[in-house]
Each structure stands twice: as C-alpha cells, then as structure tokens.
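See below for the structure under consideration.
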Number of protein chains: 2
Amino acid sequence: MDNLDHRIIDHLRRNARANYGDIGDDIGLSASAVKRRVDRLVADRVIRGFTVQVDPEVDGLGTEAYVEVFCRGTVAPGELKRILLNVPEVVEASTVSGSADAMMRLRSRDIAGLETALERVRDLPHVDHTRSSIVLSKLIERNRD
Amino acid sequence: MDNLDHRIIDHLRRNARANYGDIGDDIGLSASAVKRRVDRLVADRVIRGFTVQVDPEVDGLGTEAYVEVFCRGTVAPGELKRILLNVPEVVEASTVSGSADAMMRLRSRDIAGLETALERVRDLPHVDHTRSSIVLSKLIERNRD
DNA sequence: GATGAAACCTAACCTTT
DNA sequence: AAAGGTTAGGTTTCATC
C-alpha cells in the first residue's frame, strides 16, 4: 500500500471502468504494472469490489430507516448476523456499544414494506424489541463505501 | 427503464468492470445491445458513476459510529445540513422520525478522532446533545449506494 | 444484431534494483 | 526476490451497417 496504490484507488473511485493504460498515464506506470497492482489489491481485499452508483429512485427502495435491535440475553455476533441475513431489507447491520445490541439500516419500497420487515425482525429468535428512526430527508451523503 | 435495464444494473452492481459480452450472456442480449443500453443509462444519469469499494482502513477511517442529534427548539433541515457539513467526519446525515432530530454516521481514524468530531458536533449552534453507538463489528453490508 | 478495425487485456518473458 | 517494462496473442470495444 504505497503512494502509487493510493493513486490507483483514487483513480478507480472516480471511474471504476477506467482502463489500465489511462490509469498508468496518470501515475507514471505501464498498463501491465497497473493491472498487476489492481489484481493484487483485489486479491488482498483492499479493493472489495467494483460497483455502480445508481439513481436511488430506480430500484424503488426510497424508504430508509435506522433500527436498533435489543436482544434477550447474550447473542454471539455470528449468530446475530446469520439471523439478520434472513431479512432482505437489512442493508447494513453492526454490533454497537451502548444499550442496543445492534444497529441496522433498512431499505424498502415504502413505509408498509418497512413495517413488514420490522415485524420479521421482531419475530426472529433472540430479538426482544427494536427502536426505529425513519429517514425523513437525506441531508448529507459523502460516498466512501 | 425496462426489465433488461434493471438486470444490467444488477450485474454492474456486482461487478462494474464486467464486459458487455458477459452481461449480454447473462440477460440474453448481444454485447453491442448491452453497450448501447449502458451508454444510454449513463447519459440519462440513471447510472451516476462507476466506483470501487475499498477497505475503510485504507484511508485511515476504520472507526465508525451512529450518532443521534438532539436540537434545542426547531431547526430547518437546510440549516441542519449547513452546520453538519462543517464536520468532515459526518459521512451521512438524515432527519428522522422519533425523538432525535437527525441520525448521522461518522467515520474517523480511531476513537480519539470520533471524540473530537463529537465535541465539534455538540458545539454547533442549535445542537443540544448527542447519543452515540460506536460500531464494534460490521455484520452485514449489502451495498445499495 | 452483425461486422471489422482499433483499443484493450493479459500472461509470459526480460530488465532493473 | 520484487517490481516495472515489453511484446504478442486473443479478446473487447465501438462506430457503422
């Protein structure tokens, strides 16, 4: 992870479909040297994937909520992950410090979709209750994912 | 924006560097038909850009927290946005339903960086207090951004 | 959807440090 | 060894039909 790797990542962040020659021209390496570095970055999981930024309206998932999950007793993170993966609306989930066991981000078509997803989460084993904050309007979104 | 466009976008979400031929094989179109559609999706700004998902440690932002913001009185969303933009650690912010006025996601180098960012948030005008949940481990991350 | 020329990817081989 | 450059082939892109 030297300076050249950082500059390659910067370039790919701006355009993940850039060709190796152009990246190389930018940073002063040959195309094949760039390819070798990109391959290594992918193999080392420094680069997790190449993706596309899409107009949110497109997939009809305009409704979002932050939901804290409170469990009964102690639940291992792996177990929690396994059970939360059953709810497709769960876009993100992390164990957190504080009184909640986990924080999730949910995405759905509309409020009704959110409601059914929340019912499913509350019916999962170990889950005691949840506490939701429905997103009213997005103020800031600085993409670094 | 028909079903084929959706399937192209799904494919690109999984791998933004996929070639047109492979996408075509997946959905039953020729490479050139796929290219025309992708070009159109980009021109129409349905596809906003192609980017890369990188290990957060790489840019030294391995520590993450969800933070609820509670304000004194009522604050307009635009005003809240303006003041939160002053804190670079705020990666995401939304107004939310419930007792908090906003939910933020913060990213920083380490816990100390999080602490100073939180101090800055609490010192902003209108902000009364905050409630933080520091991420211990990420369980799920289904990318839809 | 097909065609073909230009551009690109990629792996093997060579050079340099 | 480790990292970059060069070459050459097969593949992909992309404008045109």
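Every chain is numbered from 1 and lettered A, B, ... according to where its sequence line falls, protein lines coming before strand lines.
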In whole angstrom, give the distance that lies between atom [atom1] of [X] and atom [atom2] of [N].
X: B/Lys35; N: D/dT13; atom1: NZ; atom2: P; result: 9 Å
X: B/Asp22; N: D/dT11; atom1: CG; atom2: P; result: 12 Å
X: B/Arg17; N: D/dT11; atom1: CZ; atom2: C1'; result: 15 Å
X: A/Arg36; N: D/dA3; atom1: CZ; atom2: P; result: 10 Å
X: A/Arg37; N: C/dC9; atom1: CZ; atom2: P; result: 17 Å
X: A/Tyr20; N: C/dC8; atom1: OH; atom2: C1'; result: 10 Å
X: A/Arg40; N: D/dA2; atom1: CZ; atom2: C1'; result: 11 Å
X: A/Asn3; N: D/dA3; atom1: CG; atom2: C1'; result: 16 Å

Item to check | D/dT6 base / A/Ser30 side chain donor-acceptor hit below 3.5 Å | outcome: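 In this structure, the two groups form no donor-acceptor pair.
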
So with a 6.0 Å cut-off around [atom1] of [X], is the heavy-atom count from everything else above 12?
X: B/Glu79; atom1: CD; value: yes
X: A/Glu119; atom1: CD; value: yes
X: B/Arg109; atom1: CZ; value: no

Checklist entry - When you measure from the side chain of B/Asn19, which nucleotide among C/dA11, D/dT12, C/dG1 comes out closest? => result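 It is D/dT12.
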
Item to check | Closest contact, heavy atoms only, B/Arg107 versus B/Val91 | outcome: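 In terms of heavy atoms, the two residues are closest at CB-CG2, 3.5 Å.
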
